[in-house]
> 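Before we start, here is the structure in question, set down as structure tokens.
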Amino acid sequence: MAGNRQFFVSLLLLMLVPAAAQARDVPLNSLGTSAGKAQRRADGTLLLRPGATVRTDFAIRDGHGVSAQVERRDRCSTNLQVTARLGDQAASSPIGRTTRTAFWGLTAPAGTTRVSLTLTQPRDRAKNARTKKRRVRAKTRGARTKARGKPNARGKAKGRGKAKAARRPVRSRGPRRKRPRRKVAAARPCQASVLLKGLTVLERLPVNAAMTAAHFGQDPFYQALFPQHFDGLTPENELKWESTEPQQGQFTFEAGDRVVNWAIANGEYVRGHVLVWDFQNSDYVTNPKDFYLLQHHWKRAELIAVMQEHILNVVAHFRGRIPEWDVVNEAFNDDGSYKNNVWYQVIGPEYIALAFRLAHQADPQAKLFYNDLGYEAGGPHTQAVLNMVRSLREQGVPIDGVGLESHFDISAGPVTDRMRPVMQAFADLGMAEEITELDVNAGPGTDKLAAEAELYRQVARACLEQIACQRITTWGYTDRYSWLGSDRQGLPFDVNYQPKPAWQALQSEARPGI
Ligand code: XIL
């Protein structure tokens, strides 16, 4: 009972968790200014006068808002408003004397987008209305005064005062005395201005997790809690070779369809994992297990045909539902040499290019990734993947991105600094990047949770800093079902679905602000 209450309280609290967003600063010195109206100051800020527009083309993830740090620099009574534009959306807000931050809820898809601010001086409607009223009143008063003074055609006065006017004899007031006009010093027109001190685009960084059909329908919380926390999922095992083609030429998609359709029905994004790997293959692919025998078991052309049939069928089956695939998984050893798996043995290193071409043939819209672990933080393994990606690009192979699995050990230490140059190097090759299988092998004991959270924060930071990094996926979400084992405490939620410090860390990095 108490457990139930606790569960519902945490459910309620977690529903309040805001959408994932990250603030990306637009450098003020990158802003182009409209001549004359905007003035760049020595401290890097920009002074805007009405009519000024500042703009830049800026690479963003999924844009979710623009915010500006501003300050009114005048004491004019004029209304000022700033119109912000993000891509093809625009919105305005007034800049009052006390406004420090202005926020506009604008959205734009990932990519290079136009960001601009325009300062305008809208016509003050209230003031205009007051002036108009005053004028109308003055006019009516004038008309009445005239009316009181003049009898109408039948000798009667018009209007309210007609009785009195009729009784009162019309008296001449003599020449009207002119009131001396108050002398007003010719005021200089008030110069309105706003100081732009900062400009930020709020972005969403999707946080996903792996899910498996193995617990669907068995555990009331597993599916119920997931959609409130995560933006998407990767089927943990259901799309692997042994699941999708257990016998040669016989495809089974029940489990895969179950996870994928459930995800889509809940508005979740799906990553496809994985087409070609050395693990979780069907026996007919990897038997006999002995590599020496294996390379004689398959003729090269035969194994290529097997790979072709598999990729074309699996990718085509999910076309339109799975927008991105891990095409090849874990092809290298940590020393940078190719893994001596069945594909390498029989086909040679070209199996990688071939797999990408086949996946592209099956779904030209799908984004295609190479996925690996142990190369996130530099070393010969990283170099090998970089060389491979470069070579694939040179050959015109359709590869869109790399997945950094990020299965870290608690002893990994601060990793942001080591991941940063690696992520930059792949971005420089034009690759999209994702953290695809994040978990931290922490081991038992509550004293490990703070260090685990710090590692989560470090990995999230590395992704956030690199614009090419577009998603973080954790490998499962509850320690209850982690592939590492529950006692390793690798995931952001504990065995009772309670958020751990690792989840708070992920939230505060990937989901600050809105
Ligand atoms: C793991 C799954 O989580 C386990 O359930 C399964 O028994 C073995 O595979 N790298 C990958 C993932 O690319 O597919 C692996 O998933 C973990 C390591």
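When a ligand or atom number is given, it counts from 1 through the structure's own listing order.
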> Out of Thr478, Thr446, Asp494, Asp479, which one pairs with Lys500 under the side-chain hydrogen bond (donor to acceptor under 3.5 Å, both in side chains) rule?
Asp479
> Give one line per pair: atom of ligand 1, protein atom, distance. Only N/O to N/O under 3.5 Å.
from, atom 1, to, atom 2, distance (Å)
ligand 1, 3 (O), Glu236, OE2, 2.5
ligand 1, 3 (O), Trp475, NE1, 2.9
ligand 1, 5 (O), Glu236, OE2, 3.4
ligand 1, 5 (O), Asn237, ND2, 3.0
ligand 1, 9 (O), Lys240, NZ, 3.2
ligand 1, 9 (O), Gln280, OE1, 3.2
ligand 1, 10 (N), Glu330, OE2, 3.0
ligand 1, 10 (N), Glu405, OE1, 3.2
ligand 1, 10 (N), Glu437, OE1, 3.0
ligand 1, 13 (O), His273, NE2, 3.2
ligand 1, 13 (O), Asn329, ND2, 2.9
ligand 1, 13 (O), Glu437, OE1, 3.4
ligand 1, 13 (O), Glu437, OE2, 2.7
ligand 1, 14 (O), Lys240, NZ, 2.7
ligand 1, 14 (O), His273, NE2, 2.7
ligand 1, 16 (O), Lys240, NZ, 3.3
ligand 1, 16 (O), Trp475, NE1, 3.1

> Do Thr436 and Asn371 pair up side chain to side chain, a donor and an acceptor below 3.5 Å, judged on atom types alone?
yes
> Report the residues that fulfil side-chain contact (heavy atoms from CB on, under 4.5 Å) with Asp219, sequence neighbours left out, ordered by chain and then residue number.
Phe221, Tyr222, Arg480, Tyr481, Tyr497
> Do Asp363 and Trp325 pair up side chain to side chain, a donor and an acceptor below 3.5 Å, judged on atom types alone?
no
> With sequence neighbours left out, write down each residue that passes side-chain hydrogen bond (donor to acceptor under 3.5 Å, both in side chains) with Ser482, or none if nothing qualifies.
none
> Show which side-chain atoms of residues 262-271 pair as donor or acceptor with protein atoms under 3.5 Å away, not counting sequence neighbours.
from, atom 1, to, atom 2, distance (Å)
Asn266, ND2, Trp262, O, 2.8
Glu268, OE1, Gly232, N, 2.9
Tyr269, OH, Glu324, OE1, 2.5
Tyr269, OH, Arg471, NH2, 3.4
Arg271, NE, Glu324, OE2, 2.6
Arg271, NE, Glu434, OE1, 3.0
Arg271, NH1, Asp326, OD1, 3.1
Arg271, NH1, Asp326, OD2, 3.0
Arg271, NH2, Glu324, OE2, 3.3
Arg271, NH2, Asp326, OD1, 2.9

